[in-house]
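Quick caveat, the model's predicted, so the values are computed rather than measured. First the proteins, then the strands, lettered A, B, ... as listed; each starts at 1.
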Protein chains: 2
Amino acid sequence: MVLDHSPRLDLVFHALAHPARRAIIRQLTGGERNLSELASPLKMTFPAASKHVRVLEGAKLVRRRIAGREHLCRLEAAPLKDATLWTEQFRQFWETRFSALDELLEEMKQQAEAPPRKP
Amino acid sequence: MVLDHSPRLDLVFHALAHPARRAIIRQLTGGERNLSELASPLKMTFPAASKHVRVLEGAKLVRRRIAGREHLCRLEAAPLKDATLWTEQFRQFWETRFSALDELLEEMKQQAEAPPRKP
DNA sequence: GTGATCTAGAACCATGTGGTTTACTATACC
DNA sequence: GGTATAGTAAACCACATGGTTCTAGATCAC
(Lines give C-alpha, C1' and ligand atoms only; values in the text may rest on other atoms or scores of the structure.)
Protein backbone atom coordinates (compact mmCIF):
# COMPACT_ATOMS: atom_id res chain seq x y z
CA MET A 1 0.00 0.00 0.00
CA VAL A 2 1.15 3.49 -0.76
CA LEU A 3 1.13 5.42 2.50
CA ASP A 4 -0.67 8.70 2.91
CA HIS A 5 1.74 9.80 5.60
CA SER A 6 4.77 10.27 3.36
CA PRO A 7 6.79 13.47 3.67
CA ARG A 8 8.37 12.69 0.31
CA LEU A 9 4.96 12.68 -1.35
CA ASP A 10 4.12 15.94 0.43
CA LEU A 11 7.15 17.54 -1.18
CA VAL A 12 6.44 16.13 -4.63
CA PHE A 13 2.79 17.17 -4.76
CA HIS A 14 3.64 20.57 -3.35
CA ALA A 15 6.35 20.98 -5.99
CA LEU A 16 3.84 20.14 -8.71
CA ALA A 17 1.26 22.60 -7.37
CA HIS A 18 2.80 25.66 -9.05
CA PRO A 19 2.58 26.30 -12.81
CA ALA A 20 6.09 27.72 -12.97
CA ARG A 21 7.52 24.55 -11.48
CA ARG A 22 5.51 22.35 -13.83
CA ALA A 23 6.81 24.46 -16.71
CA ILE A 24 10.37 23.94 -15.50
CA ILE A 25 9.84 20.19 -15.37
CA ARG A 26 8.50 20.22 -18.90
CA GLN A 27 11.44 22.29 -20.10
CA LEU A 28 13.83 19.77 -18.60
CA THR A 29 12.36 17.00 -20.71
CA GLY A 30 14.42 18.57 -23.49
CA GLY A 31 17.60 17.77 -21.60
CA GLU A 32 19.91 19.66 -19.27
CA ARG A 33 19.31 23.39 -18.86
CA ASN A 34 21.08 26.03 -16.82
CA LEU A 35 19.21 28.34 -14.50
CA SER A 36 19.11 31.26 -16.91
CA GLU A 37 17.53 29.08 -19.57
CA LEU A 38 14.97 27.82 -17.07
CA ALA A 39 14.21 31.30 -15.75
CA SER A 40 13.91 33.23 -19.01
CA PRO A 41 10.48 31.92 -20.14
CA LEU A 42 8.99 32.52 -16.66
CA LYS A 43 7.30 35.83 -15.95
CA MET A 44 9.25 36.57 -12.78
CA THR A 45 12.66 37.72 -11.62
CA PHE A 46 15.65 35.44 -11.71
CA PRO A 47 15.86 34.93 -7.92
CA ALA A 48 12.20 33.90 -7.87
CA ALA A 49 12.80 31.30 -10.57
CA SER A 50 15.89 30.11 -8.72
CA LYS A 51 13.75 29.49 -5.65
CA HIS A 52 11.36 27.36 -7.67
CA VAL A 53 14.25 25.24 -8.87
CA ARG A 54 15.28 24.77 -5.24
CA VAL A 55 11.79 23.56 -4.39
CA LEU A 56 12.06 21.03 -7.20
CA GLU A 57 15.46 19.94 -5.91
CA GLY A 58 13.98 19.52 -2.44
CA ALA A 59 11.42 17.14 -3.92
CA LYS A 60 14.23 15.30 -5.76
CA LEU A 61 12.59 16.17 -9.05
CA VAL A 62 15.67 18.04 -10.24
CA ARG A 63 19.38 17.35 -9.84
CA ARG A 64 21.96 20.08 -10.29
CA ARG A 65 25.58 19.89 -11.36
CA ILE A 66 27.85 22.89 -11.43
CA ALA A 67 29.98 23.47 -14.52
CA GLY A 68 32.03 26.61 -14.23
CA ARG A 69 29.67 29.45 -13.53
CA GLU A 70 26.65 27.56 -14.82
CA HIS A 71 24.35 25.36 -12.75
CA LEU A 72 23.02 22.66 -15.04
CA CYS A 73 19.76 21.01 -14.04
CA ARG A 74 18.38 17.69 -15.16
CA LEU A 75 15.01 16.06 -14.61
CA GLU A 76 14.86 13.27 -12.04
CA ALA A 77 11.56 11.59 -12.80
CA ALA A 78 11.40 8.93 -10.07
CA PRO A 79 9.26 11.07 -7.73
CA LEU A 80 6.79 11.58 -10.58
CA LYS A 81 6.42 7.83 -10.64
CA ASP A 82 5.64 7.83 -6.92
CA ALA A 83 3.04 10.54 -7.40
CA THR A 84 1.47 8.60 -10.27
CA LEU A 85 1.37 5.40 -8.24
CA TRP A 86 -0.49 7.20 -5.48
CA THR A 87 -3.11 8.77 -7.72
CA GLU A 88 -3.53 5.61 -9.80
CA GLN A 89 -4.71 3.74 -6.73
CA PHE A 90 -8.01 5.46 -7.34
CA ARG A 91 -8.25 4.79 -11.04
CA GLN A 92 -11.30 2.58 -10.54
CA PHE A 93 -13.11 5.62 -9.14
CA TRP A 94 -12.90 7.56 -12.38
CA GLU A 95 -13.64 4.57 -14.56
CA THR A 96 -16.44 2.11 -15.26
CA ARG A 97 -17.45 1.50 -11.65
CA PHE A 98 -18.70 5.05 -11.36
CA SER A 99 -20.33 5.33 -14.75
CA ALA A 100 -23.82 6.84 -14.72
CA LEU A 101 -25.52 3.47 -14.93
CA ASP A 102 -23.49 1.87 -12.16
CA GLU A 103 -24.09 4.85 -9.94
CA LEU A 104 -27.82 4.51 -10.45
CA LEU A 105 -27.70 0.79 -9.73
CA GLU A 106 -25.70 1.40 -6.59
CA GLU A 107 -28.20 3.93 -5.34
CA MET A 108 -31.07 1.52 -5.97
CA LYS A 109 -29.18 -1.19 -4.11
CA GLN A 110 -28.54 1.12 -1.18
CA GLN A 111 -32.19 2.06 -0.96
CA ALA A 112 -33.16 -1.60 -0.99
CA GLU A 113 -30.67 -2.72 1.65
CA ALA A 114 -29.89 0.41 3.71
CA PRO A 115 -26.56 -1.02 4.97
CA PRO A 116 -24.35 0.75 7.54
CA ARG A 117 -21.92 3.22 6.04
CA LYS A 118 -18.91 2.04 8.03
CA PRO A 119 -17.07 -0.99 6.68
CA MET B 1 -1.07 18.57 -24.50
CA VAL B 2 -1.77 18.97 -20.81
CA LEU B 3 -1.09 22.57 -19.93
CA ASP B 4 1.23 23.60 -17.11
CA HIS B 5 -0.71 26.80 -16.56
CA SER B 6 -3.84 25.24 -15.14
CA PRO B 7 -5.32 26.68 -11.95
CA ARG B 8 -7.37 23.49 -11.57
CA LEU B 9 -4.21 21.42 -11.51
CA ASP B 10 -2.70 23.85 -8.99
CA LEU B 11 -5.61 23.18 -6.67
CA VAL B 12 -5.51 19.42 -7.12
CA PHE B 13 -1.79 19.02 -6.52
CA HIS B 14 -1.96 21.39 -3.57
CA ALA B 15 -4.85 19.40 -2.12
CA LEU B 16 -2.82 16.20 -2.45
CA ALA B 17 0.22 17.74 -0.76
CA HIS B 18 -1.03 17.17 2.78
CA PRO B 19 -1.11 13.72 4.43
CA ALA B 20 -4.38 14.45 6.22
CA ARG B 21 -6.09 15.26 2.95
CA ARG B 22 -4.70 12.14 1.27
CA ALA B 23 -5.98 10.14 4.24
CA ILE B 24 -9.42 11.68 3.82
CA ILE B 25 -9.44 10.74 0.14
CA ARG B 26 -8.51 7.18 0.99
CA GLN B 27 -11.22 7.02 3.63
CA LEU B 28 -13.79 8.15 1.10
CA THR B 29 -13.00 5.17 -1.13
CA GLY B 30 -15.09 3.23 1.38
CA GLY B 31 -18.12 5.32 0.46
CA GLU B 32 -19.84 8.37 1.87
CA ARG B 33 -18.65 9.67 5.24
CA ASN B 34 -19.79 12.54 7.39
CA LEU B 35 -17.34 15.10 8.73
CA SER B 36 -17.03 13.54 12.19
CA GLU B 37 -16.11 10.20 10.67
CA LEU B 38 -13.53 11.88 8.47
CA ALA B 39 -12.09 13.94 11.32
CA SER B 40 -11.87 11.30 14.04
CA PRO B 41 -8.83 9.35 12.73
CA LEU B 42 -6.90 12.59 12.15
CA LYS B 43 -4.67 13.89 14.91
CA MET B 44 -6.12 17.39 14.97
CA THR B 45 -9.20 19.29 16.11
CA PHE B 46 -12.49 19.07 14.29
CA PRO B 47 -12.31 22.59 12.79
CA ALA B 48 -8.87 21.82 11.38
CA ALA B 49 -10.14 18.66 9.72
CA SER B 50 -13.15 20.56 8.43
CA LYS B 51 -10.81 23.03 6.75
CA HIS B 52 -9.01 20.18 5.00
CA VAL B 53 -12.30 18.92 3.64
CA ARG B 54 -12.98 22.39 2.29
CA VAL B 55 -9.64 22.39 0.50
CA LEU B 56 -10.60 19.08 -1.09
CA GLU B 57 -13.95 20.54 -2.11
CA GLY B 58 -12.16 23.51 -3.64
CA ALA B 59 -10.18 21.10 -5.79
CA LYS B 60 -13.43 19.28 -6.73
CA LEU B 61 -12.05 16.12 -5.15
CA VAL B 62 -14.92 15.93 -2.69
CA ARG B 63 -18.60 16.69 -3.03
CA ARG B 64 -20.79 17.33 -0.02
CA ARG B 65 -24.50 16.82 0.50
CA ILE B 66 -26.31 17.84 3.65
CA ALA B 67 -28.64 15.36 5.30
CA GLY B 68 -30.16 16.75 8.47
CA ARG B 69 -27.34 17.79 10.75
CA GLU B 70 -24.78 15.66 8.93
CA HIS B 71 -22.65 16.71 5.97
CA LEU B 72 -22.00 13.63 3.89
CA CYS B 73 -18.92 13.68 1.67
CA ARG B 74 -18.17 11.55 -1.34
CA LEU B 75 -15.07 11.14 -3.43
CA GLU B 76 -15.04 12.85 -6.81
CA ALA B 77 -12.13 11.20 -8.59
CA ALA B 78 -12.07 13.06 -11.91
CA PRO B 79 -9.39 15.54 -10.76
CA LEU B 80 -7.20 12.60 -9.76
CA LYS B 81 -7.42 11.50 -13.37
CA ASP B 82 -6.22 14.93 -14.48
CA ALA B 83 -3.31 14.79 -12.06
CA THR B 84 -2.39 11.32 -13.29
CA LEU B 85 -2.54 12.40 -16.91
CA TRP B 86 -0.13 15.23 -16.16
CA THR B 87 2.44 13.12 -14.35
CA GLU B 88 2.14 10.25 -16.83
CA GLN B 89 3.37 12.51 -19.61
CA PHE B 90 6.81 11.88 -18.16
CA ARG B 91 6.53 8.14 -17.81
CA GLN B 92 9.26 7.59 -20.38
CA PHE B 93 11.64 9.44 -18.08
CA TRP B 94 11.33 6.91 -15.31
CA GLU B 95 11.35 3.92 -17.62
CA THR B 96 13.62 2.20 -20.11
CA ARG B 97 15.02 5.32 -21.75
CA PHE B 98 16.74 6.26 -18.52
CA SER B 99 17.88 2.81 -17.53
CA ALA B 100 21.47 2.63 -16.39
CA LEU B 101 22.67 1.31 -19.74
CA ASP B 102 20.87 3.92 -21.82
CA GLU B 103 22.14 6.66 -19.57
CA LEU B 104 25.71 5.45 -20.08
CA LEU B 105 25.23 5.26 -23.83
CA GLU B 106 23.80 8.75 -23.89
CA GLU B 107 26.76 10.13 -21.95
CA MET B 108 29.19 8.46 -24.36
CA LYS B 109 27.26 9.91 -27.28
CA GLN B 110 27.35 13.37 -25.76
CA GLN B 111 31.09 13.20 -25.22
CA ALA B 112 31.58 12.09 -28.82
CA GLU B 113 29.36 14.74 -30.41
CA ALA B 114 29.18 17.62 -27.90
CA PRO B 115 25.89 18.88 -29.42
CA PRO B 116 24.21 22.13 -28.40
CA ARG B 117 21.88 21.78 -25.46
CA LYS B 118 19.06 23.82 -26.92
CA PRO B 119 16.72 22.08 -29.36
C1' DG C 1 -38.63 20.97 26.12
C1' DT C 2 -33.87 19.38 27.34
C1' DG C 3 -29.77 17.81 26.31
C1' DA C 4 -26.55 15.75 23.25
C1' DT C 5 -24.59 15.81 18.61
C1' DC C 6 -22.95 17.72 14.11
C1' DT C 7 -21.17 21.45 12.04
C1' DA C 8 -20.06 26.40 10.90
C1' DG C 9 -17.65 30.56 11.75
C1' DA C 10 -14.81 33.96 13.69
C1' DA C 11 -10.73 35.39 15.96
C1' DC C 12 -6.18 34.55 16.64
C1' DC C 13 -1.38 32.83 16.03
C1' DA C 14 2.96 30.94 14.03
C1' DT C 15 4.95 29.71 10.05
C1' DG C 16 5.38 29.06 5.03
C1' DT C 17 5.04 30.77 0.27
C1' DG C 18 5.95 33.56 -3.59
C1' DG C 19 7.54 37.50 -4.95
C1' DT C 20 10.62 41.75 -5.00
C1' DT C 21 15.11 44.56 -4.58
C1' DT C 22 19.79 45.03 -3.44
C1' DA C 23 24.30 43.50 -2.69
C1' DC C 24 27.70 40.09 -3.31
C1' DT C 25 30.76 36.06 -5.27
C1' DA C 26 32.72 33.57 -8.86
C1' DT C 27 33.64 32.48 -13.50
C1' DA C 28 34.40 33.67 -18.41
C1' DC C 29 35.85 36.78 -22.05
C1' DC C 30 38.65 40.29 -24.30
C1' DG D 1 43.15 43.87 -15.45
C1' DG D 2 38.52 45.15 -16.39
C1' DT D 3 33.95 43.97 -17.63
C1' DA D 4 30.13 41.14 -18.54
C1' DT D 5 27.65 36.94 -17.13
C1' DA D 6 25.66 33.24 -13.90
C1' DG D 7 24.20 32.57 -9.80
C1' DT D 8 23.64 33.10 -4.51
C1' DA D 9 22.17 35.33 -0.27
C1' DA D 10 19.82 38.39 2.60
C1' DA D 11 16.25 41.52 3.76
C1' DC D 12 11.78 42.61 3.15
C1' DC D 13 6.73 42.32 2.03
C1' DA D 14 1.89 40.60 1.34
C1' DC D 15 -0.64 36.89 1.72
C1' DA D 16 -1.72 31.85 2.36
C1' DT D 17 -1.59 27.79 5.25
C1' DG D 18 -2.41 24.98 9.14
C1' DG D 19 -3.44 24.92 13.46
C1' DT D 20 -5.91 26.37 17.87
C1' DT D 21 -9.98 28.03 20.99
C1' DC D 22 -14.39 29.73 21.63
C1' DT D 23 -19.09 30.75 20.27
C1' DA D 24 -23.25 29.72 18.07
C1' DG D 25 -26.89 27.42 15.22
C1' DA D 26 -29.43 23.24 13.66
C1' DT D 27 -31.09 18.86 14.32
C1' DC D 28 -31.85 14.53 16.55
C1' DA D 29 -33.23 11.54 20.63
C1' DC D 30 -35.64 11.11 24.69
*Within the structure shown, what part of the strands sits under 4.0 Å from A/T45 by heavy-atom distance: base, sugar-phosphate, or nothing?*
base
Output the single nucleotide from [options] whose closest atom is nearest the side chain of [X].
| X | options | value |
| --- | --- | --- |
| B/P47 | C/dG9, C/dC6, D/dG19 | C/dG9 |
| A/K51 | D/dG19, C/dA8, C/dG18 | C/dG18 |
| B/N34 | C/dG18, C/dT7, D/dG18 | C/dT7 |
| B/S36 | D/dG18, C/dT7, D/dT8 | C/dT7 |
| A/R54 | D/dT8, D/dG19, D/dA6 | D/dT8 |

Has [X] got a side-chain atom pairing as donor or acceptor with [Y]'s backbone, closer than 3.5 angstrom?
| X | Y | answer |
| --- | --- | --- |
| A/R74 | A/E32 | no |
| B/E37 | B/N34 | yes |
| A/R64 | A/C73 | no |

Without decimals, in angstroms, what is the distance between [X] [atom1] and [N] [atom2]?
| X | N | atom1 | atom2 | value |
| --- | --- | --- | --- | --- |
| B/R21 | D/dT17 | CZ | P | 8 Å |
| A/R64 | D/dA6 | CZ | P | 15 Å |
| A/L72 | C/dT27 | CG | P | 15 Å |
| A/L42 | C/dG18 | CG | C1' | 13 Å |
| A/F46 | D/dT5 | CZ | P | 14 Å |
| A/H71 | D/dA9 | NE2 | C1' | 13 Å |
| A/E37 | D/dT5 | CD | P | 15 Å |
| B/L11 | D/dT17 | CG | C1' | 14 Å |

*Enumerate the residue pairs fulfilling side chain to side chain donor-acceptor pair (under 3.5 Å) with a member in residues 46-55 of chain A, sequence neighbours excluded, ordered by first and then second residue.*
A/R21-A/H52
Can you name the closest pair of heavy atoms from [X] and [Y] and give their distance?
| X | Y | answer |
| --- | --- | --- |
| A/W94 | A/E88 | CH2-CA, 4.3 Å |
| A/L16 | B/F13 | O-CD1, 3.3 Å |
| A/A39 | A/F46 | CB-CD1, 3.8 Å |

*For the pair B/E76 and B/K60, find out whether any cationic side-chain nitrogen is under 4.0 Å from an anionic carboxylate oxygen.*
no
*asked:* Using OP1 and OP2 only, check whether a side-chain N or O of B/S50 sits under 4.0 Å from C/dA8.
replied: yes
Under-3.5 Å N/O pairs linking protein and nucleotides 14-16 of chain C:
none

*asked:* Using 0.5 Å steps for rounding, measure from the NE2 atom of A/H14 to the NE2 atom of B/H14.
replied: 7.0 Å
*How long is the gap from CZ on A/F90 to CG on B/L75, to the nearest 0.5 Å?*
7.5 Å
Produce the list of close N/O pairs, under 3.5 Å, pairing protein atoms with atoms of nucleotides 2-4 of chain C; give distances to one decimal.
none

*When you match A/H52 and A/G68 each to their closest nucleotide on DNA chain C, which lands nearer the 5' end?*
A/H52
